[in-house]
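Reminder, nothing fancy here: chain letters follow the sequence lines and each chain counts from 1.
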There are 2 protein chains.
Amino acid sequence: MTPAGRRIVAAAEELFYNRGITAVGVDLIAEHSGVTKRTLYNQFGSKDHLVAAYLTGRDQRWRSLVRAAVDASDTPAEAVTAPFEALRTWSGTNTRGCAFINALAELPDPSHPAYRIAANQKLWLLDLFRELAVTAGCSHPATLATQLLVLHEGAVAMQPLSLDSLPESTALARALVRAGTSPRH
Amino acid sequence: MTPAGRRIVAAAEELFYNRGITAVGVDLIAEHSGVTKRTLYNQFGSKDHLVAAYLTGRDQRWRSLVRAAVDASDTPAEAVTAPFEALRTWSGTNTRGCAFINALAELPDPSHPAYRIAANQKLWLLDLFRELAVTAGCSHPATLATQLLVLHEGAVAMQPLSLDSLPESTALARALVRAGTSPRH
DNA sequence: TCGCAGGTATACTGATCTGTGAACATCTCT
DNA sequence: AGAGATGTTCACAGATCAGTATACCTGCGA
């Protein structure tokens, strides 16, 4: 991607995430990125593809952060809840909920180029939870992974209301992993 | 509200929820409700106030459903997770996630007449969880209520991806209530 | 019978929307 | 020197947006 392309995506990310996709026009994005509308269309072809590029970039950044958190874990059991650690730092600069859930709310058409990206982001996290649970030797990895995903997404969704539920969610997630790895009582 | 007003809100609800608020114009709503745009503006004054009316109506329907589920519970412990029962029937006809979270994604301005309605809907549920937890004699009602809210909202948020996480969420919620009401082991 | 509330019909404003056309500038690589 | 990629400037098309103006119709209650 060209330097102008990167500036466009950066401006689009800020505007789309904070003001909504439909509410932000391409003229505004071009202005914020110091670029002509012509360049924007030469680079991305349409607003829909720019939306897809916005979500793709965000997805990559998020996955890198999660992978780093997983790699930094001391034990396999800690690794299972590493995405909650990633979310803790991520939340510092992203307080408007999940960009992918928000995007799906505005783009109900499954044939939209951004739809698959948003949907895959959640399926990827679900798969990651399951793999990490298997590695940690949890007893019901599929069920645990679903519960962890729900906890995770719920915590993200509550961000805009400024009632910080991440500590409670993280604590519960850790307790679930402990209960799944320790012998039954 | 006049009969025409009710038809307008009904059409607005269907369109706003399924296609997004910003993406739906007032002309389309007027057409779907078999009403003139003039009538729409005579009744609601502006699109913003129509959005507020849409969310208010939906909030009332949801609260009624939850209250009915609470009242139908056999024990105080069951009542704590009654909103999850309400969500089970609600999900049958609402598979596009939470209308209030989706609205907040599109309306970041706190001074928007619909903002407070959407935010209060979540705070109401959090308070309800807490009160029900206290009534059931749970040990840490505030923490439990937060965890139940996160589980609940996470389950709603995962609806659009058609991976049905409601059973796992409900099961976990019930287990949390049991653990909070039974003696420690 | 009068008045009024609720509603219809239609045309309109001014702004904003996505997207395109055409000509020109700048840079790098060959 | 030449070619191709990148980007600029500016005008423009056609549609849609929220909201308003004006005039008319209808049923009902005082």
Expressed as a whole number of angstroms, how long is the span from A:Arg7:CZ to D:dG7:C1'?
10 Å

What's the closest nucleotide to the B:Val26 side chain, out of C:dG7, C:dT18, D:dA18?
D:dA18

Return the value, rounded to whole Å, for the distance between atom CD of B:Glu106 and atom P of D:dC17.
14 Å

Rounded distance in Å - NE2 (B:His49) to C1' (D:dA18):
14 Å

Describe the nucleic acid contact of A:Gly34 in one word from base, sugar-phosphate, nothing, applying a heavy-atom distance below 4.0 Å.
sugar-phosphate

Does any N or O in the side chain of A:Glu106 come within less than 3.5 Å of the main-chain N or O of A:Ile21, such that one atom is a donor and the other an acceptor?
yes

Closer than 3.5 angstrom, by distance alone: can the side chain of A:Asp59 be matched with the main-chain N or O of A:Asn120 as a donor-acceptor pair?
no

OP1 or OP2 of C:dG7 sitting under 4.0 Å from any side-chain N/O of B:Thr2?
yes

C:dC17 C1' sits how many Å from B:Asp27 CG, rounded?
14 Å

Protein-nucleotide distance (A:Ile8, atom CD1; D:dT6, atom C1'), rounded to Å
11 Å

Rounding to an integer number of Å, can you tell me how far A:Tyr41 OH sits from C:dC17 P?
11 Å

Would you say the side chain of A:Lys37 and the base of C:dG19 hold a donor-acceptor pair, judged only by whether the two atoms sit under 3.5 Å apart?
yes

Is it the case that the side chain of A:Arg19 and the backbone of B:Pro108 share a donor-acceptor pair, with hydrogens and angles ignored and the cut-off at 3.5 Å?
no

Heavy-atom nearest nucleotide on DNA chain C taken for B:Val35 and for A:Ser46; more 5' hit belongs to B:Val35

Look at the side chain of B:Arg88 and the backbone N and O of B:Leu166, then say whether any donor-acceptor pair between them is shorter than 3.5 Å.
no

Out of C:dT18, C:dT8, D:dT6, whichever nucleotide has its closest atom nearest the side chain of A:Lys47
C:dT18

Euclidean distance, atom CG of residue A:Leu50 to atom P of C:dC17 [Å, nearest integer]
15 Å

With the side chain of B:Pro3 defined as its heavy atoms from C-beta on, choose the nearest nucleotide among D:dC17, C:dT8, C:dG7.
C:dG7

For the residue pair A:His152 and A:Trp62, does the interplanar ring angle fall in the parallel (under 30°), tilted (30 to 60°) or perpendicular (over 60°) class?
tilted

Under the 3.5 Å rule, do the base of C:dG7 and the side chain of B:Arg38 count as making a donor-acceptor pair?
no

Give the rounded distance in Å between these two atoms: CD of B:Gln43 and P of C:dG6.
7 Å

Is the phosphate of D:dG7 approached by A:Thr39 (side-chain N or O, under 4.0 Å from OP1 or OP2)?
no

